[in-house]
Chemist: 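Here you go, one structure.
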Amino acid sequence: MEKPTLPKGTRDFGPAVMAKRQFIFETIRNVFQKFGFQPLETPAMENLSTLTGKYGEEGDQLLFKILNSGDFLKDADAELLSTKSSKQITSSIAEKGLRYDLTVPFARFVVMNRNEITFPFKRYQIQPVWRADRPQKGRYREFYQCDADVVGTDSLLCEAEIILMITEAFKGLGIVDYTIKINHRGILSGIAETIGAKQNETSLFVAIDKLDKIGEEKVKEELRPKGFSEESLTTLFEILHVKGSNTNKSAFLQSRFDASESGQKGLRDLQEVFNLLKNYNASDNHVEFDVSLARGLSYYTGCIFEVKINNVAIGSVSGGGRYDNLTQAFGDKENLSGVGFSFGVDRIYDAMEELNLFPKGATATSKVLVCHLDDDSLYYGLGVLSALRAEGIASEIYPDNAKLKKQLDFANKKAIPYTIVIGPDEAQSGLLAFKNMDRGEQEKLPIERIIEKIKQP
RNA sequence: GUGGAUGUAGCUCAGUUGGUUAGAGCAUCAGAUUGUGAUUCUGAGGGUCGCGGGUUCGAGUCCCGUCUUUCACCCCA
């Protein structure tokens with residue numbers, strides 16, 4: 001028989017990995033809840049019409065589509081089928097798709113439940129998403145996102161709190177060396193206006209987003225064929241080369257944005273966010289105003305964020321921004337402004353693994369293994385087991401009659417720190433052989449004393 | 001979606017210009033030790049050399065296809 005395999009870009013998570021993953025999930029969940037966000041889950045699959053057109057052309061290509069049930073070809077448009085054009089045919093044989101992110105399903109949920117929701121609505125959502133990407137380092141076809149979004153308020157408090165949540169989550173995870181990059185779509189538009197490239201915004205943003213990766217020359221090479229003049233490129237890089245503190249950068253841009261309404265709006269917003277952070281008594285050590293930050297998802301309209309862990313060759317581990325028109329895309333008449341961000345658990349995991357940041361005792365396992373030498377001691381052991389569990393001590397008993405050697409070996413492999421060996425003598429006297437697996441020390445104690453010992457480290 | 005690399009035991013890898021029966025370490029199992037693991041010693045099991053085709057007297061080795069993993073691009077968490 002052929003060995004089973006996994007679909008490309010997906011993974012199993014064994015117990016050791018799960019312990020670490022859960023540490024990340026719990027840390028993030030606690031932060032979300034502490035900031036007043038409430039949980040939401042949505043289905044893995046959405047109607048394709050919900051998903052398409054929200055992520056730009058590239059995004060649509062990366063959607064996993066689900067074949068219609070039944071004899072889907074019978075109902076398909078025969079004329080379309082004869083064209084053999086997959087793109088065209090898709091819509092007639094697949095009406096569902098796997099979610100690509102959590103923000104769009106959330107917007108769909110908000111519009112569907114408009115009347116039941118009290119605004120501003122703060123929700124968090126921790127679920128997997130799927131992208132039909134080609135996998136590579138830090139990039140999977142199935143991965144978990146942890147989203148927190150607020151919808152129904154323009155307040156820049158939300159942006160400030162996003163920064164606080166990132167800071168707090170990373171503190172909990174033990175990640176110290178990271179950068180929260182922040183920018184504003186208005187500022188990007190301002191730049192486009194200033195260099196006279198308003199018609200060509202998208203290619204401009206895509207190109208400058210790569211600046212720190214490919215460098216100035218390559219960005220210019222990419223833009224020249226798209227109709228950018230040398231003069232506009234020179235101006236562009238005068239702006240992009242802005243250096244210094246966040247305040248310095250703002251001041252410099254202010255001087256260039258005389259003629260740009262949206263540029264000024266962007267600057268005002270950012271300054272307000274910085275100002276709010278001060279009032280929280282929060283340090284903005286990790287926050288960097290990065291004029292070249294653009295981000296791909298097309299639905300952002302205001303502040304945008306991206307978080308990178310330094311000295312690790314993994315893309316961004318978190319990102320987000322404000323989107324003003326997303327609910328409108330689902331036919332909502334009144335505009336609801338939303339802002340949110342997302343942690344990429346899988347990348348955070350990879351980064352923490354690379355930096356050796358997982359706490360040592362993270363693997364969840366029993367504290368005690370009860371070992372036994374014959375049937376009678378096994379029965380006696382069940383009482384011991386119950387006594388341990390009644391005290392909240394995670395414990396298990398070896399289920400088979402096996403050599404003591406094998407039982408101790410089992411404890412060893414599962415990294416269970418204590419064992420209790422029960423034989424005829426122990427069952428008779430009630431003095432149990434309590435063994436510390438690390439030190440190899442063993443003493444005979446009554447169960448009450450053993451419980452005490454385990455509880456006080 | 002485009003281009004490059006990769007695949008030999010459960011894991012990490014050797015394997016000569018193509019030549020007999022494909023090896024090692026670790027892991028597993030058993031025993032030395034019928035009540036003591038993580039350190040010792042002895043032994044055993046485990047392979048359609050990713051899969052399919054081709055060249056050849058002969059292929060783990062060369063050629064083609066395919067899949068996996070991986071790197072870069074596109075894009076992104």
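Nothing here was measured: the structure is a model prediction, and the numbers come from that model. Protein chains get the first letters and strands the later ones, always in sequence-line order, with residue 1 at the start of each. All heavy atoms count here, side chains included; hydrogens, waters and symmetry mates do not.
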Chemist: So what does Val317(A) touch, heavy atoms closer than 4.0 Å: a base, only the sugar-phosphate, or nothing?
Modeler: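 Val317(A): backbone/sugar contact only, no base atoms under 4.0 Å.
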Chemist: Name the nucleic acid region contacted by Gly320(A), choosing base, sugar-phosphate or nothing; use a 4.0 angstrom heavy-atom cut-off, strictly under.
Modeler: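 Counting heavy atoms under 4.0 Å across all strands, no contact is made by Gly320(A).
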Chemist: Touch check for Ser318(A), heavy atoms < 4.0 angstrom, all strands: base, sugar-phosphate only, or nothing?
Modeler: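 Contact class for Ser318(A): sugar-phosphate only.
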Chemist: Tell me whether Phe410(A) and rG37(B) count as stacked here, given that the ring centres must be under 5.5 Å apart and the planes must differ by less than 30 degrees.
Modeler: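 Stacking between Phe410(A) and rG37(B): absent.
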Chemist: What's Glu142(A) touching, base or sugar-phosphate or nothing? Going by heavy atoms closer than 4.0 Å.
Modeler: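 Nothing, no heavy atom under 4.0 Å.
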Chemist: Measure the distance from CZ on Arg347(A) to P on rA77(B) and round it to the nearest whole Å.
Modeler: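 Distance check: Arg347(A) CZ to rA77(B) P gives 7 Å.
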Chemist: Under 4.0 Å between any heavy atoms, over every strand shown, what does Gly440(A) touch: base, sugar-phosphate, or nothing? Just pick one.
Modeler: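 It contacts base atoms.
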Chemist: With sugar-phosphate meaning primed atoms plus P, OP1 and OP2, does Asp346(A) contact a base, only sugar-phosphate, or nothing at under 4.0 Å between heavy atoms?
Modeler: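 No contact at all - Asp346(A) keeps every heavy atom at 4.0 Å or more from the nucleic acid.
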Chemist: Please report the distance, rounded to the nearest Å, between CG in Leu432(A) and P in rG35(B).
Modeler: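 One finds 18 Å between P of rG35(B) and CG of Leu432(A), rounded.
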Chemist: If I take atom CZ in residue Arg134(A) and atom C1' in nucleotide rU2(B), what distance separates them, rounded to the nearest angstrom?
Modeler: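 Atom CZ in Arg134(A) sits about 7 Å away from atom C1' in rU2(B).
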Chemist: How long is the line joining CG of Leu369(A) and C1' of rU36(B), in whole Å?
Modeler: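 After rounding, the gap between these two atoms is 13 Å.
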Chemist: Expressed in angstrom and rounded to an integer, what is the separation of Asn412(A) atom CG from rU36(B) atom P?
Modeler: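 Atom CG in Asn412(A) sits about 15 Å away from atom P in rU36(B).
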Chemist: Please state whether the phosphate of rC74(B), meaning OP1 or OP2, lies under 4.0 angstrom from any side-chain nitrogen or oxygen of Lys210(A).
Modeler: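 Yes.
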Chemist: For Ala433(A) and for Tyr140(A), find the nucleotide of RNA chain B with the closest heavy atom, then tell me which residue's nucleotide is more 5'.
Modeler: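 So the residue in question is Ala433(A).
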Chemist: Closest to the Lys413(A) side chain: rC29(B), rA77(B), rG35(B)?
Modeler: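 So the side chain of Lys413(A) is nearest to rC29(B).
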Chemist: Could you tell me whether the phosphate oxygens of rU36(B), OP1 or OP2, come under 4.0 Å of any side-chain nitrogen or oxygen in Lys406(A)?
Modeler: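 Checking Lys406(A) against rU36(B): no side-chain N or O falls below 4.0 Å of OP1 or OP2.
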Chemist: Ignoring backbone atoms, establish whether Lys8(A) has a side-chain N or O less than 4.0 Å from OP1 or OP2 of rU70(B).
Modeler: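 For rU70(B), neither OP1 nor OP2 has a side-chain N or O of Lys8(A) closer than 4.0 Å.
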Chemist: For the pair made of NZ in Lys226(A) and P in rC74(B), what is the distance, rounded to whole Å?
Modeler: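 Interatomic distance, NZ of Lys226(A) to P of rC74(B): 10 Å.
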Chemist: Checking side chain to side chain contact (heavy atoms under 4.5 Å, CB included) against Tyr300(A), which of Arg322(A), Arg185(A), His184(A) comes through?
Modeler: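 Only match with Tyr300(A) under side chain to side chain contact (heavy atoms under 4.5 Å, CB included): Arg185(A).
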Chemist: To the nearest angstrom, how far is Lys403(A) atom NZ from rU33(B) atom C1'?
Modeler: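 To the nearest whole Å, that distance equals 9 Å.
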Chemist: With heavy atoms under 4.0 Å as the rule, sort Lys137(A) into base, sugar-phosphate or nothing.
Modeler: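 It contacts sugar-phosphate atoms only.
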Chemist: Testing Val317(A), Ile126(A), Ile166(A) one by one against Phe343(A) for a side chain to side chain contact (heavy atoms under 4.5 Å, CB included), which residue passes?
Modeler: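 Exactly one candidate clears the test, Ile166(A).
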Chemist: To the side chain of Lys213(A), which of rC75(B), rG37(B), rU36(B) is closest?
Modeler: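 Nearest listed nucleotide: rC75(B).
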Chemist: Step through the shown structure and confirm whether more than 12 heavy atoms of other residues, nucleotides or ligands are within 6.0 Å of NZ on Lys220(A).
Modeler: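 Yes, enclosed.
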Chemist: Base, sugar-phosphate, or nothing: which does Ser316(A) touch, judged by heavy atoms less than 4.0 Å apart?
Modeler: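 Ser316(A): backbone/sugar contact only, no base atoms under 4.0 Å.
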Chemist: Could you tell me the separation between the CD1 atom of Ile214(A) and the C1' atom of rC74(B), rounded to a whole number of Å?
Modeler: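 The answer, rounded to whole Å, is 12 Å.
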Chemist: Please determine if a side-chain N or O atom of Gln61(A) lies less than 4.0 Å away from the OP1 or OP2 oxygen of rC75(B).
Modeler: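 Answer is no, no contact under 4.0 Å.
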Chemist: Would one find more than 12 heavy atoms of other residues, nucleotides or ligands at under 6.0 Å from atom CZ of Phe13(A)?
Modeler: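 It does: Phe13(A) CZ has more than 12 such atoms within range.
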Chemist: How far, in whole Å, is rU2(B) from rA9(B) if one measures between their P atoms?
Modeler: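 These two P atoms come out 30 Å apart once rounded.
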Chemist: Answer yes when Lys455(A) and Glu391(A) have at least one side-chain N-carboxylate O distance shorter than 4.0 Å, and no when they do not.
Modeler: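 The answer is yes: the pair qualifies as a salt bridge.
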Chemist: Does one side chain, of Asp374(A) or Asn401(A), offer a donor that lies under 3.5 Å from an acceptor on the other?
Modeler: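 No, Asn401(A) and Asp374(A) have no side-chain donor paired with an acceptor closer than 3.5 Å.
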Chemist: Tell me if the side-chain of Gln407(A) makes a donor-acceptor pair with the base of rU36(B), cut-off 3.5 Å, by modelled atom types.
Modeler: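 Check fails, no donor-acceptor contact within cut-off.
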Chemist: Taking Asn30(A) for the side chain and Glu26(A) for the main chain, is one N or O donor matched with an acceptor at less than 3.5 Å?
Modeler: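 Yes, the answer is positive, given that a donor and an acceptor are paired below the 3.5 Å cut-off.
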Chemist: Which listed nucleotide (rC75(B), rA38(B), rC71(B)) is nearest to the side chain of Gln136(A)?
Modeler: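 The nucleotide sitting nearest to the side chain is rC71(B).
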Chemist: Tell me what Val206(A) touches on the nucleic acid: a base, only sugar-phosphate, or nothing, going by heavy atoms under 4.0 Å.
Modeler: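 Answer is sugar-phosphate: Val206(A) comes under 4.0 Å of backbone atoms only.
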